[in-house]
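Quantities reported herein were computed from a predicted structural model and do not represent experimental measurements. Throughout, a chain's letter reflects where its sequence line sits, starting with A, and its residues are numbered from 1.
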Amino acid sequence: MKQTNTAYRQRYWDLRAAGNFIAGGTGTGLVFVSALAFATGQNVLVPLLLGLALVGLGLSLVWLEIGKPWRAFNVFFHPQTSWMTREGMLATPLFAAGLAAALGFAPGFAIAAVLAAGFLYCQARMLRASRAIPAWSHPRIVPLILLTGLAEGAGAYLVLGEPTRPFIVLALVAASAREIVRELYRRGLSAAAAPEGTLAWFRRPEERALQTLRIAAMVLLALGLVGNTLSATIGGVLAALTGWGFKAILVTRAAYTRGLRIPRTPTRGRDTARAVEPS
Amino acid sequence: MVADLRRCVGCQTCTVACKESNATPPGVQWRRVFDIEAGEYPDVRRVFVPTGCQHCDDPPCLEVCPSTATGKRADGIVTIDYELCIGCAYCIMACPYEARYKVDDERFAFGDDATPNERKRADPRMLGVVTKCTFCVDIVDAGLAQGLVPGRDMAATPACVQSCISGALRFGDLEDPRSGIAQLLAENQWFRMHEAEGTGPGFYYLWDKAPPL
């Protein structure tokens with residue numbers, strides 16, 4: 001027999017928390033791609049600084065969300081196991097390396113790229129460790145968040161930097177890989193019997209519209225490869241914006257709890273205990 | 001903590017006792033009793049399931065807490081230091097048992113004005129931070145200091161267990177084979193919630209007597 005569904009949508013992390021994953025993903029992606037572009041000889045000052053600003057904006061949004069903002073430094077107390085602490089600890093050297101690079105310290109680019117990747121990985125692991133929320137704790141959330149950040153950063157770089165062919169290819173590959181991993185993630189959630197409220201989001205018009213825009217982004221990026229720079233730029237914008245939409249839904253709408261599950265009913269009187277399946 | 005599902009009648013006395021004892025605001029229930037329906041007409045069962053913080057062996061809330069506000073005592077009780085907590089709510093996202101709450105603003109049971117009791121018991125330390133069941137650690141510690149045994153002596157036992165009208169909720173030291181709950185577990189079949197998560201919850205649900213040897 002099946003039991004009543006008691007899963008509900010979490011209400012503690014709102015758009016401010018989603019904003020950290022959105023701005024942090026695009027920001028670190030931009031810093032990473034800027035470092036690659038610097039290695040190819042491009043002027044990357046604007047995308048690099050904007051990437052750092054986005055990371056800072058994301059952290060500021062979290063600061064606005066926490067209940068005791070004047071104790072924010074306590075976030076650094078638990079690097080042994082907390083991915084939130086680790087994310088915070090990487091932020092300062094990321095800003096330092098990025099600003100040093102912007103001021104002409106060339107090795108700063110490579111250091112900032114590594115730290116940006118680490119920061120994004122921490123964000124992915126933060127979600128993975130959220131065991132109350134099956135949509136976040138699924139193992140495939142880690143590659144999905146990493147590829148979403150890369151797709152956003154590579155897409156945004158086409159607008160903020162020089163949309164040369166290698167970077168259009170990078171944006172297209174990242175956007176395509178994100179789409180494949182997103183589908184594997186959806187199937188993984190379904191196989192793991194994630195809450196119906198979470199699975200329903202993949203069928204909703206908002207998510208369908210986002211998927212259409214993601215495919216449109218890939219088509220526009222492909223057109224960019226045959227010489228249409230404007231289409232590559234628009235494709236890049238769409239690749240970034242669709243990532244924002246996905247993360248906003250993931251954090252604020254599709255985040256259902258596991259709910260309460262009993263595997264057995266108790267014996268009462270002459271009645272016998274029965275096995276219970278989740279709803 | 002042991003909850004005998006055969007005995008629980010869903011009267012919610014434990015939830016009221018918890019609220020009275022801990023002065024939790026509206027919307028915050030450290031001890032909850034779910035009313036679960038299983039099956040389809042005409043084969044339906046109704047089960048009352050007390051829940052709350054499971055004081056896990058390996059608490060996921062403790063692992064994610066960035067401020068070390070969440071701690072675990074030697075006796076297994078999971079605690080929150082309200083002076084360290086930054087109210088990020090990450091532990092709420094990590095707890096598979098939905099046992100944690102965060103309240104940012106003062107809330108009262110009857111609108112904007114606090115009752116005299118609410119005014120008397122308001123604790124500003126608990127605003128903007130995460131709270132949860134403490135197994136009435138203050139009562140347990142006060143009892144231990146007097147040489148009492150939690151679970152056996154009511155003055156050293158959590159309020160929900162003290163108040164339970166049917167004896168469904170029991171409390172004690174699992175490590176002590178002579179304790180009441182150790183014997184209950186030996187004599188009955190039980191499950192723990194979300195066992196597959198590997199958290200080692202300290203909340204045991206009895207559902208039938210142990211099969212004869």
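For B:Q189, no part sits under 4.5 Å from any heavy atom of chain A, backbone or side chain. Residue B:D208 touches chain A through both its backbone and its side chain, counting heavy-atom pairs closer than 4.5 Å. The part of A:R274 that comes within reach of chain B is its side chain, from C-beta onward, which places non-hydrogen atoms under 4.5 angstrom from that chain. There is no contact between A:R16 and chain B, counting heavy-atom distances below 4.5 Å. When heavy atoms are compared at a cutoff of 4.5 Å, B:R100 approaches chain A solely by way of its backbone atoms N, CA, C and O. There is no contact between A:F73 and chain B, counting heavy-atom distances below 4.5 Å. Contacts between A:R258 and chain B at a heavy-atom distance below 4.5 Å involve backbone atoms as well as side-chain atoms. In this structure, the portions of B:D43 lying under 4.5 Å from any heavy atom of chain A include both its backbone and its side chain. For B:R7, no part lies near chain A; criterion is any non-hydrogen pair under 4.5 Å.
Taking NE2 of B:H55 as the reference point, atom OG1 of B:T79 lies at 9.5 Å (rounded to 0.5 Å). We find the CZ-CD1 distance between B:F191 and A:I262 to be 5.5 Å, quoted to the nearest 0.5 Å.
The greatest number of non-hydrogen atom pairs below 4.5 Å with chain B, out of A:W70, A:F76, A:W13, is found for A:W13. Listed options B:P66, B:G128, B:G87, B:G39 were ranked by heavy-atom pairs under 4.5 angstrom with chain A; first place goes to B:P66. Per-residue counts of heavy-atom pairs under 4.5 Å with chain B were compared for A:I133, A:V276, A:L260; the largest is that of A:L260. Ranked by non-hydrogen atom pairs under 4.5 Å with chain B, the options A:G88, A:A129, A:A72 are led by A:A129. In terms of non-hydrogen atom pairs under 4.5 Å with chain A, the most contact-rich of B:P60, B:C61, B:C65 is B:C65. Per-residue counts of heavy-atom pairs under 4.5 Å with chain B were compared for A:T267, A:T81, A:T85; the largest is that of A:T267.
The pair B:R73-B:D141 counts as a salt bridge, with a side-chain nitrogen and a carboxylate oxygen less than 4.0 angstrom apart. A:E207 has no carboxylate O lying under 4.0 Å from a charged side-chain N of A:R204, or vice versa, which leaves the two without a salt bridge. Ion pairing of B:R192 with B:E197 is absent here, as no side-chain N (NZ or NE/NH1/NH2) approaches a carboxylate O to less than 4.0 Å.
Side-chain atoms of B:S163 and B:R31 form no donor-acceptor pair, as typed in the model, at a separation below 3.5 Å. Using a 3.5 Å distance cut-off with no hydrogens or angles, the side chains of A:E87 and A:N20 do pair a donor with an acceptor. Between the side chains of A:T242 and A:R178, a donor-acceptor pair is found at a separation under 3.5 Å.
Along residues 88-99 of chain B, the residues that come nearer than 4.5 angstrom to chain A, judged on non-hydrogen atoms, are B:C88, B:A89, B:Y90, B:I92, B:M93, B:A94, B:C95, B:P96, B:E98 in order of number.
The two residues A:Y256 and A:P195 come nearest to each other via the heavy atoms CB-CB, 3.8 Å.
For the pairing with A:W136, the side chain to side chain contact (heavy atoms under 4.5 Å, CB included) check across A:Q10, A:M126, A:R128 returns one residue only, A:Q10.
Between the side chain of A:T148 and the backbone N or O of A:L144, at least one donor-acceptor pair lies under 3.5 Å.
Sorted pairs that involve residues 164-174 of chain B and meet side-chain hydrogen bond (donor to acceptor under 3.5 Å, both in side chains), not counting sequence neighbours, are lacking altogether.
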Take B:F203 and B:Y205 through the test ring pair (Phe, Tyr, Trp, His ring centres under 6.0 Å) and record every step on the way to the result. CA-CA 7 Å; B:F203 217 109; B:Y205 295 96; 5.3 Å; yes
